[in-house]
Amino acid sequence: MNTRILTTLAAGALLAATTACGAQSLDGGTSDAAAAAPDVVLDQAPTEEKAADVINAITPDKDLAAKAPASLKSGGLKVVSSIGYPPMELFASDGKTPIGLDPALARAIARKLGVKVTITDEEFNSQIPGVLTGRYDFVISSMTDNLERQGQVTFVDYVQAGSGLLVKKGNPAGVTGPKDLCGKTVSVVDNGSSMELAESYDADCKKDGKAAVNVLKFPGDTEAMLQVSNGRAQATVTDYVVAAYKSADPKLAMEAIPLEGTESPWGIGMKPDNKELIESVKGALDALIQSGEYGKLLAAWNLDKLAVQSAVINGGK
């Protein structure tokens, strides 16, 4: 387990110094109240975070900050994620600092609420138990919001993610969706959801009296993707977030195409009885969406197509 305490501040003289330099005040009351409650110096995003400039420009929403749970104001927002699924979650070059869309959004929510944040790396199956025991405030880890998980946690959905295709740059085969795959060769990871999807497209082509899809199966994404690079396959099926990440690398010379109808909501999971926190997170996400900052976070990681229009609670079915 790797824990990244994003910023640690000493009290006293350092707080006084940062106040003089224009630290953001969360107090909208009298000068006496301001003196009693020192300013919070918000965390700065890591330099390798692609959305760092967007995150660092986010200022607290006074109303949301005032309504945030007292535990966040005193101890900061405690977040858990499973680092290792780029571009959603990955480590910076130091091997311990979380970056990616999920950490970026966690930092953005914390700044909107005017609190500090800690992001901890945990094995995926340990995350919900950690939230339920109160060790963490929420989990954000490319976690699908579905009815089974709703029996344990309450989700605030933050993206819609599904499957996608990777094709050569310029899309010489003219593939725009499943119907264009009839008569073409598609590479996939063997025994996974991508293989099942490709086989369903093959069945649809045959049902419509069109040429079959030639499905090539490989042990991993790298091998499947190589078939597109070398021209053996016209497309490969994978998770759209993976396709978007690969297409952002100019050396690979590929394009990502979302597969419509495969999307499902991914959510920020919280303890169901923590109503105050749930409303704070929902409010912060909605504020980020409305301000355009949310869209900029997605764009920094080439994930614009995952955007939602508003924060929805338990939207998964």
Side-chain angles (χ1 to χ4, degrees), residues 48 50-51 82-93 95 99-102 124 142 144 159-264 266 298-307:
E48 290 182 45
K50 291 185 178 182
S82 183
I83 313 300
Y85 183 53
M88 299 304 292
E89 314 98 13
L90 63 155
F91 285 121
S93 58
I99 58 174
L101 180 62
D102 284 348
F124 193 84
S142 306
T144 301
V159 292
Q160 284 274 355
S163 299
L165 299 172
L166 268 173
V167 299
K168 272 189 176 181
K169 192 77 172 177
N171 197 3
V175 176
T176 61
K179 292 185 178 180
D180 297 324
L181 298 177
C182 300
K184 293 183 173 64
T185 298
V186 175
S187 56
V188 297
V189 175
D190 197 6
N191 293 322
S193 59
S194 296
M195 182 193 73
E196 293 173 1
L197 204 55
E199 289 180 341
S200 75
Y201 295 152
D202 175 47
D204 288 342
C205 289
K206 293 174 180 175
K207 182 180 177 182
D208 293 339
K210 298 180 180 179
V213 179
N214 179 27
V215 181
L216 302 179
K217 303 171 186 178
F218 297 90
D221 267 331
T222 300
E223 296 94 330
M225 189 176 65
L226 179 62
Q227 309 313 306
V228 177
S229 297
N230 64 25
R232 187 180 177 194
Q234 285 74 59
T236 183
V237 183
T238 185
D239 292 344
Y240 178 75
V241 295
V242 174
Y245 185 62
K246 297 295 185 183
S247 68
D249 184 348
K251 293 181 292 185
L252 297 178
M254 290 190 169
E255 292 182 16
I257 301 168
L259 286 168
E260 305 294 339
T262 63
E263 303 91 349
S264 60
W266 289 357
L298 267 64
W301 286 100
N302 196 33
L303 295 173
D304 312 61
K305 294 186 184 299
L306 272 61

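Quick caveat, the model's predicted, so the values are computed rather than measured.
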Kindly determine whether L166 and V228 satisfy side chain to side chain contact (heavy atoms under 4.5 Å, CB included), including the steps that lead there.
CA-CA 8 Å; L166 268 173; V228 177; 5.5 Å; no
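- Remark: side-chain polar atoms of N230 are paired, donor with acceptor, to backbone N or O of R232 under 3.5 angstrom.
- In this structure, the side chains of S142 and D102 come closer than 4.5 Å at one or more pairs of heavy atoms.
- Y85 and D239 share a side-chain donor-acceptor pair at under 3.5 Å.
- Across all non-hydrogen atoms, the minimal contact from A243 to L165 is CB-O, 4.1 Å.
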Could you give the side-chain donor-acceptor pairs of residues 185-192 under 3.5 Å, partners two or more places apart or in another chain?
unit_1: T185; atom_1: OG1; unit_2: N214; atom_2: ND2; d: 3.2
unit_1: S187; atom_1: OG; unit_2: A224; atom_2: O; d: 2.7
unit_1: S187; atom_1: OG; unit_2: T236; atom_2: OG1; d: 3.3

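- Listed by first then second residue, pairs satisfying disulfide bond (SG atoms under 2.5 Å apart) with a partner in residues 206-236 number zero, not counting sequence neighbours.
- Pairs engaging residues 186-229 under the disulfide bond (SG atoms under 2.5 Å apart) rule: C182-C205 [sequence neighbours left out].
- Checked by atom type and distance alone, the side chain of D202 never pairs as donor or acceptor with a backbone atom of A212 at under 3.5 Å.
- Note: L101 CG to L303 CG = 5.5 Å, rounded to the nearest 0.5 Å.
- When side chains are defined from C-beta on, W301 does not count as touching V241, because their heavy atoms never get closer than 4.5 Å.
- K246 NZ to K251 NZ: the interatomic distance, rounded to the nearest 0.5 Å, is 10.5 Å.
- In terms of modelled atom types and a separation under 3.5 Å, the side chain of D208 and the main chain of K210 share no donor-acceptor contact.
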Which pairs of donor and acceptor atoms, one on a side chain in residues 252-261, lie under 3.5 Å apart (sequence neighbours left out)?
unit_1: E255; atom_1: OE2; unit_2: G170; atom_2: N; d: 2.6

Return a table of donor-acceptor pairs under 3.5 angstrom between the side chains of residues 172-181 and protein atoms on other chains or two or more places apart.
unit_1: T176; atom_1: OG1; unit_2: D180; atom_2: OD2; d: 2.5
unit_1: D180; atom_1: OD2; unit_2: T176; atom_2: N; d: 2.8
unit_1: D180; atom_1: OD2; unit_2: G177; atom_2: N; d: 3.3

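- Other residues, nucleotides and ligands place no more than 12 heavy atoms under 6.0 Å from the NZ atom of K305.
- To the nearest 0.5 Å, atom OG1 of residue T144 and atom CD of residue E263 are 12.0 Å apart.
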Show me the donor-acceptor pairs, under 3.5 Å and distance only, between side chains in residues 194-201 and residues at least two apart or in other chains.
unit_1: S194; atom_1: OG; unit_2: V237; atom_2: O; d: 3.4
unit_1: E199; atom_1: OE2; unit_2: K217; atom_2: NZ; d: 3.1
unit_1: S200; atom_1: OG; unit_2: L197; atom_2: O; d: 2.6

